[in-house]
There are 2 protein chains.
Amino acid sequence: MTDTKTRILDAALALFNRFGERNVTTNHIAGELGISPGNLYYHYRNKAAIVSALFDRYREHLLTLLTVPEGPLTWEDKMGYFEGILASMWEGRFLHRDLAHFLHQDPVLRDRYKVFVEDSLARGLGIYQRLRDSGLIEASDEELRALLVNTWVLAASWPGFTHGLNPEISGDETLDRGLLRQGIYQIICLEAPYLRGEALDHLDAMKREYRLDETALDRLFGAVGQVRSE
Amino acid sequence: MTDTKTRILDAALALFNRFGERNVTTNHIAGELGISPGNLYYHYRNKAAIVSALFDRYREHLLTLLTVPEGPLTWEDKMGYFEGILASMWEGRFLHRDLAHFLHQDPVLRDRYKVFVEDSLARGLGIYQRLRDSGLIEASDEELRALLVNTWVLAASWPGFTHGLNPEISGDETLDRGLLRQGIYQIICLEAPYLRGEALDHLDAMKREYRLDETALDRLFGAVGQVRSE
DNA sequence: TGATTTTTAGAGTAATTACTCTAGAGGTCA
DNA sequence: TGACCTCTAGAGTAATTACTCTAAAAATCA
């Protein structure tokens, strides 16, 4: 059995992602674990400390994934890293969803978050530049920077967007996974115009791989999934 | 003097955008206007009713902007509509920021929001298709759909993203405007690869027009503004 | 075993805040 | 003028919820 401290984090993360931090009380977290509120507060001095600890975890994980070993990259590497990064951002989706409030009430987190975004974008740019060196992408530095920011914002916001259209299904493992994959599809489309060589050869296959089929889209998004001209 | 009912809405919108709905109490809104809480509750039966009314306003405004008159489009039309739409989404930024919570606690709003997104995307697709007919854009229907969703998510999330990096400056009119313009720049970059003809001719000018200069970027984003290679 | 530290329970508190209620002011129309 | 309706004030309430406090159980270690 893992220790209480991390069990609290796990339970909090699951509940926050599912219901939103605002709708999850500390008593609720304790209840979920079958422990007392007093016990919870023994491990974390307040609710913000839990959020902060979850942010640490998220940050560490994501920055690790954004550290790519030296050497030329293949499109398979690319997709691998890609999927990991997106999954990690999905895992920490409650953070981006309620970010404004966390930063509003915790100045320390505010600074740390800013540094985190800066780090992530810097590393992301490094990766994109190496993809360019490997001949998988063709774009100017300016294009790369804009693409990177757009990718970041999209990846960070996608869970919130899908949750807005499907608040009820959150927590269902397979459906969540479908939404995540559709997010990957959207980001593939984002960088599609800049792909070259090997990456371009596999573009169509990748699109088919990640794009949800019509019926799934229909179930998840209704009319949004397949925007029709009428 | 406008009537109290709309003054409440105006004050609430300003406060919500600035501090986030969660951090703005009904007493706070009343205090801002110099009226009593009782008076506020005479006009709106609860806080959610204020949010709902603001959503109505936002929805009406945006859908109007997404209704484009018949006939071929020029790139100037395009940029005009564009700026209006983005400004409108900026104006309603608190809605997207705290969307998850609003939808969580108000099932009626949930349904109306979903229809609203569906409508917006349908109209957006119509506009993109007409831009294609006018020779300003070249893309397949599938590309157009993906581009559209990405544009929507980016436009809706951009205010939240910038706010996360600069929580303190919210409310400053000129700085807010700068952030909005940088958002337009990001979206221009999003669709840049698909532009043709007249629109392509003006692409560089448009980029220069909307992109913040280095010093402003520096002030707003710090290291994020000009992501460096190392 | 006994001493000490860590962990847990759970009742209770203090503060916030959305919202209510009553009474009265101000306008309108007969 | 008086009846009536709309609007406003402001004190007060009820419910939520983050968090505290004391004491006891469990683990650790001499």
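Keep in mind that this is a model prediction, so the values were computed, not measured.
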- Query: Taking the inter-plane angle between the rings of F116(A) and W152(A) on a 0 to 90° scale, is it parallel (under 30°), tilted (30 to 60°) or perpendicular (over 60°)?
  - Reply: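 Taking W152(A) first and then F116(A), their aromatic rings stand perpendicular (interplane angle over 60°).
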- Task: For the residue pair H104(B) and H101(B), categorise the inter-ring angle as parallel (less than 30°), tilted (30 to 60°) or perpendicular (more than 60°).
- Result: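 Taking H101(B) first and then H104(B), their aromatic rings lie parallel (interplane angle under 30°).
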Spacing of [X] atom [atom1] relative to [N] atom [atom2], expressed in whole Å:
X	N	atom1	atom2	answer
H101(A)	dA18(D)	NE2	P	10 Å
H43(A)	dT5(C)	NE2	P	18 Å
Y44(A)	dT17(D)	OH	C1'	20 Å
L40(A)	dT20(D)	CG	C1'	13 Å
I35(A)	dA9(C)	CD1	P	6 Å
R7(B)	dC7(D)	CZ	P	13 Å
F19(A)	dT17(D)	CZ	P	14 Å
Q105(A)	dA15(C)	CD	P	18 Å

Pairing donors with acceptors under 3.5 angstrom, does anything connect the side chains of [X] and [Y]?
X	Y	result
T6(A)	D3(A)	yes
E209(B)	Y185(B)	no
T26(A)	Y41(A)	yes

Hey, is the main chain of [Y] close enough, under 3.5 Å, to the side chain of [X] for a donor-acceptor pair?
X	Y	result
T67(B)	L63(B)	yes
E32(A)	L15(A)	no
T162(B)	P159(B)	yes
R97(A)	L99(B)	no
R181(A)	Y210(A)	no

- Contact string for nucleotides 21-29 of chain C, one letter per nucleotide 5' to 3', B = base within protein heavy-atom range under 4.0 Å, S = sugar-phosphate only, - = neither, reads B--------
- Item | End-to-end axis angle, where each axis spans five pairs of the helix from dT1(C)-dA30(D) to dA30(C)-dT1(D), to 10° |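 Taking five pairs per end, the axes differ by 0°.
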- Message: Contact list please: residues 21-31 of chain B against DNA chain C, heavy atoms, distance less than 4.0 Å, in numerical order.
- Response: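 Heavy-atom cutoff 4.0 Å gives T25(B), T26(B), N27(B).
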- Separation of Q182(B) CD from I188(B) CD1 (nearest 0.5 Å):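 Rounded to the nearest 0.5 Å, the CD1-CD separation comes to 10.0 Å.
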- Compare side-chain N and O positions of S36(A) against OP1 and OP2 of dA9(C) and report whether any pair is under 4.0 Å apart.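 So the side chain of S36(A) is within the cut-off, an N or O lying under 4.0 Å from OP1 or OP2 of dA9(C).
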- Query: Would you say Y42(A) reaches dT7(C)'s phosphate, i.e. side-chain N/O to OP1/OP2 under 4.0 Å?
  - Reply: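 So the side chain of Y42(A) is within the cut-off, an N or O lying under 4.0 Å from OP1 or OP2 of dT7(C).
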